[in-house]
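A short worksheet on the structure shown next.
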Amino acid sequence: MSLKPIPRLPLIVLTTAAFLIPSSILVGEGKGVIPGTGNKFPADPAKKSPSCGMCHGAFANSRGVLSFKLTGSTSIQVGKKVRGGLAISSIVKGSKGGFNMQTDKGTWTAVGNTRVNSKGNMLTHNSSQTRSWAFDFTSKSTGLVQWWIVGNTVDGNGRFGGDSWTWYSHTPAFGLPGFPYRLFVNDTQVFPYGQGCKGDKGIIPLLGAANNATLGQTFKVEAYNLPPKSVALFMMGFSDTQWGTIKLPFNLGLIGMK
């Protein structure tokens, strides 16, 4: 009986594999993954775990609490495209990061460093070299709109040890999915005016009207982002510069309404 020599090919394959694995980790995604594609994210990444935790650590805020800053009007008009922005910050060193957003109404349009899915209802980063991104948003229907957001800040070393991620929330350290960022789409003849003031826990109340005012018909106004079990007071007028002898705007800081 003779023994055949063991081929050296498996040793070469194993060596190559051992080299490729860390290389793929170091490269990372670079661009955001559209939720539900590539089996890398659940269908609703901003509502379900693990979201960014599949690559950047198992637990939200485990390496520093993230802060989300969204810019742009929260009270917009139906059919009009508006520019918005998202910036994420944390104690994680560097300037790299990423995010995923989804909306229950309307569509996004990518701007520069963002990209969207085919339906336009999911938005993500096109580059992880920054922690701020721009986008356009529009809705063909009126009413309340809710966005769910998950984001991360990374140190860029290819390992999750220095990264941190979480879901958007008015209380950043909360670290749980399902808390929406809200905006309101008004009818064609309802024009937003002024800027809301921060209330309880830094939350800005949201005011809107889904239908135009019509003579002889009830005019419905909706308010959101109010503290639970609170009382809402609505006032109406015919001028945004004068109320009787009082010039507007008028600071009501003396009674807690700046």
Side-chain angles (χ1 to χ4, degrees), residues 22-38 40-42 44-47 50-74 76 81-103 106-138 147-170 172-175 177 179-181 183 202:
S23 295
S24 64
I25 293 175
L26 289 172
V27 170
E29 288 297 336
K31 296 182 179 180
V33 177
I34 294 295
T37 61
K40 295 183 179 180
F41 290 89
D44 296 323
K47 295 181 182 180
S51 296
C52 299
M54 296 189 73
C55 299
H56 300 284
F59 303 102
N61 287 323
S62 60
R63 296 167 185 87
V65 175
L66 270 66
S67 177
F68 293 79
K69 182 180 180 180
L70 287 116
T71 56
S73 177
T74 56
I76 64 178
K81 185 178 290 187
V82 293
R83 177 63 52 88
L86 170 66
I88 303 175
S89 59
S90 77
I91 63 171
V92 175
K93 295 181 180 180
S95 59
K96 295 183 178 183
F99 75 97
N100 282 108
M101 293 173 60
Q102 60 183 12
T103 180
T107 57
W108 279 298
T109 303
V111 177
N113 57 1
T114 54
R115 66 191 187 100
V116 299
N117 65 345
S118 58
K119 294 181 179 180
N121 67 336
M122 293 184 176
L123 179 77
T124 189
H125 58 282
N126 196 43
S127 171
S128 61
Q129 301 302 310
T130 181
R131 292 178 182 174
S132 62
W133 304 270
F135 51 84
D136 287 333
F137 180 79
T138 185
W147 296 349
W148 290 274
I149 313 167
V150 62
N152 64 49
T153 52
V154 301
D155 57 11
N157 67 0
R159 301 175 179 85
F160 65 77
D163 303 343
S164 196
W165 68 275
T166 194
W167 292 275
Y168 167 83
S169 172
H170 284 311
F174 192 51
F179 197 101
Y181 176 83
L183 59 155

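- In this structure, CZ in Phe68 is found 9.0 Å from OH in Tyr168, a value given to the nearest 0.5 Å.
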Show which side-chain atoms of residues 85-97 pair as donor or acceptor with protein atoms under 3.5 Å away, not counting sequence neighbours.
from, atom 1, to, atom 2, distance (Å)
Ser90, OG, Val92, N, 3.1
Ser90, OG, Thr153, OG1, 2.7

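- With sequence neighbours excluded, the residues satisfying ring-ring contact (aromatic ring centres under 6.0 Å, His included) with Trp133 are Phe99.
- Here the side chain of Thr114 pairs a donor or acceptor atom with the backbone of Ala134 at under 3.5 angstrom.
- Listed for the Asn117 side chain is a donor-acceptor partner under 3.5 Å among the backbone atoms of Met122.
- For Asn113, there are no side chain to side chain donor-acceptor pair (under 3.5 Å) partners two or more places apart in sequence or in a different chain.
- The heavy-atom pair separating Thr166 from Ala60 by the smallest distance is OG1-CB, 3.6 Å.
- Considering only residues two or more places apart in sequence or on other chains, Thr107 meets the side-chain contact (heavy atoms from CB on, under 4.5 Å) condition with Thr138.
- Applying the salt bridge (charged side-chain N to carboxylate O under 4.0 Å, His left out) test to every pair with at least one member in residues 149-158, sequence neighbours left out, gives no pairs at all.
- To the nearest 0.5 angstrom, Asn152 atom CG is 7.0 Å from Asp163 atom CG.
- Under the side chain to side chain donor-acceptor pair (under 3.5 Å) criterion, Thr103 pairs with Trp147, sequence neighbours left out.
- Formation of a donor-acceptor pair under 3.5 Å by the Arg115 side chain with backbone atoms of Thr109 is not found in this model.
- Nearest heavy atoms, Phe135 versus Arg83: O-CD, 3.3 Å.
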